[in-house]
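Notes for the one structure printed next.
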Amino acid sequence: MPSRVSGEGTGRGGSLEPGRVGVGPHARERSSPRQVKNAVSLSPSDFMDRALFLAERGRGRTSPNPMVGAVIVAPDGLIVGQGYHERAGRPHAEVNALDMAGARARGATLFCTLEPCCHVGRTGACVRRIVGAGIARVVGAVEDPNPMVSGQGFEYLHEHGVEVDIGLRAGAAIELNQPFFTLVHEGRPFVILKAATSIDGCIAAAPGRRTRLTSPPADRHAHRIRAEIDAIGVGSGTILVDDPQLTARGAYRERPLARVIFDRRLRTPPTARVLSTRGAGPVIIVTTAEAAGRVELRRPLEQRGAEIDVAPDRSLRSALARLGARSLESLLLEGGAALHAAAWDEDLVDFVRLYVTPHTLGPGGVPLLEGRSFSSADLIDRRVEPIGADVLIEGYVHRPR
């Protein structure tokens, strides 16, 4: 049977250059794969870190597939092949690494950040290519939670004479693909609560008042994040007050960006600016059966290109399940206060990203998550970074699993 190894290697040995890459929703320090001349001195953890680095290159392009990296190491310790999953529908990481290695793959060890697939979808089964190439050993970080794989890929390899070890750098591999794991396990997108607050913890100067807080550097950072996720979500109140476009401006994005409006009463006006930007991606309005039944509200929105999606009940969890059915892995929840509160109350917030600004809004301001037990100091794996005049504070509400 495939064997288990320690989940988090120490990474000792080797002299890789440090590089900043994203693992999970925020960047972490990982090893860069630039230097490979001294590969003979590298440890298994170093090879897996290299695979994680490569996997990160697919960020923002692979959904609804996971990000995956692969490294092939010959018996003498030299790296002979590497690859990553570039985008959905393209060859998987293992195939790209095998293509690079060619005949040198025979007798080698394959390090991969996720279990190789054993089913045929838009691409062939990777396990068959691995066996056919003569790979002697596969070191996988974690099993693929997809029920079509879920251990079967590793079992196929074992049954065909390939030595299999599972668990090296498992935590980092899960964190890298937390949206994918959340969609498979919970049937909903990974939810990132994003907000800009004053230094006294408010998101607006008064209820219903549009309040600009962040500096241009923070705005640019926020748009880069928009370019990586599957969907942006706002409540109907934000549409009425701010009339946002909900696009990733000034940042390169290859695929459509879904814009989601949570609107139980179909208050979204047909003149909303977001409906004039459908070239950037679909506009999905999630509402109730009662509101959807009012033709005078629904028809003008559909005529402007909005997709009306009816949730089975009034809970936000049900609304998110509708997005999960569309294979949307990640949702950037940008507000307003009522939507943030609903997500928090239903325990649906997985990650928090706050842009804290030097402004003070005073006692008349609208607090973030008013009346709720929330402190950024309690976030898991909390990270603080200055961005222009503002400070970014982010971290998990739920530890990746």
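Worth saying up front: this structure is predicted, and the values here are computed from it rather than measured.
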Are any of the side-chain nitrogens in [X] or [Y] under 4.0 Å away from the carboxylate oxygens of its partner?
X    : Y    : result
D309 : R326 : yes
R372 : E370 : no
D76  : R104 : no

According to the interplanar angle, ranging from 0 to 90°, do the rings of [X] and [Y] count as parallel (below 30°), tilted (30 to 60°) or perpendicular (above 60°)?
X    : Y    : result
H92  : H85  : perpendicular
H185 : F181 : perpendicular
F47  : F111 : tilted

To the nearest 0.5 angstrom, please state how far the [atom1] atom of [X] sits from the [atom2] atom of [Y].
X    : Y    : atom1 : atom2 : value
L361 : C202 : CG    : SG    : 5.5 Å
S215 : I387 : OG    : CD1   : 8.0 Å
R226 : I232 : CZ    : CD1   : 4.0 Å
D350 : I192 : CG    : CD1   : 8.5 Å
R249 : Q245 : CZ    : CD    : 5.0 Å
Q82  : L110 : CD    : CG    : 12.5 Å

Are [X] and [Y] linked by a side-chain donor-acceptor pair shorter than 3.5 Å?
X    : Y    : answer
T277 : R259 : yes
H359 : D200 : no
R137 : T109 : no
D46  : S43  : yes
D263 : T268 : yes

For the pair [X] (side chain) and [Y] (backbone), establish whether a donor and an acceptor sit closer than 3.5 Å, ignoring hydrogens and angles.
X    : Y    : result
T238 : V234 : no
E302 : R299 : no
R87  : T62  : no
T287 : R264 : yes
H340 : L333 : yes
T214 : A218 : no
S327 : P64  : no
R106 : I135 : no
D144 : L114 : no
D230 : E329 : yes

Exercise for review: Only pairs at least two apart or in different chains count here, so list each ring pair (Phe, Tyr, Trp, His ring centres under 6.0 Å) that has a residue in residues 208-244.
Suggested key: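 Passing the test, one end in residues 208-244: H221-Y355.
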**Study point:** is_close_aromatic(H160, Y156), centroid dist under 6.0 Å
**Key:**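 Here the rings of Y156 and H160 have centres that are less than 6.0 Å from each other.
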Review point. More than 12 heavy atoms of other residues, nucleotides or ligands under 6.0 Å from CZ of R255: is that the case?
Key: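 Yes, the 6.0 Å shell around CZ holds more than 12 heavy atoms from other groups.
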Review point. With a cut-off of 6.0 Å (strictly less than), are more than 12 heavy atoms of other residues, nucleotides or ligands near CD of E159?
Key: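 Atom CD in E159 is packed in, count exceeds 12.
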Would you say the side chain of [Y] lies within less than 4.5 Å of the side chain of [X], judging by non-hydrogen atoms?
X    : Y    : value
L54  : L52  : no
V283 : I261 : yes
V139 : M48  : yes
R294 : R298 : no
F262 : L320 : yes
L392 : R353 : yes

Review point. Can S150 and E115 be said to form a side-chain contact (heavy atoms from CB on, under 4.5 Å), step by step?
Key: CA-CA 8 Å; S150 191; E115 178 180 10; 5.5 Å; no
Check your understanding: Who passes side-chain contact (heavy atoms from CB on, under 4.5 Å) against P312, sequence neighbours left out?
Key ->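 P312 satisfies side-chain contact (heavy atoms from CB on, under 4.5 Å) with S318, R322 only.
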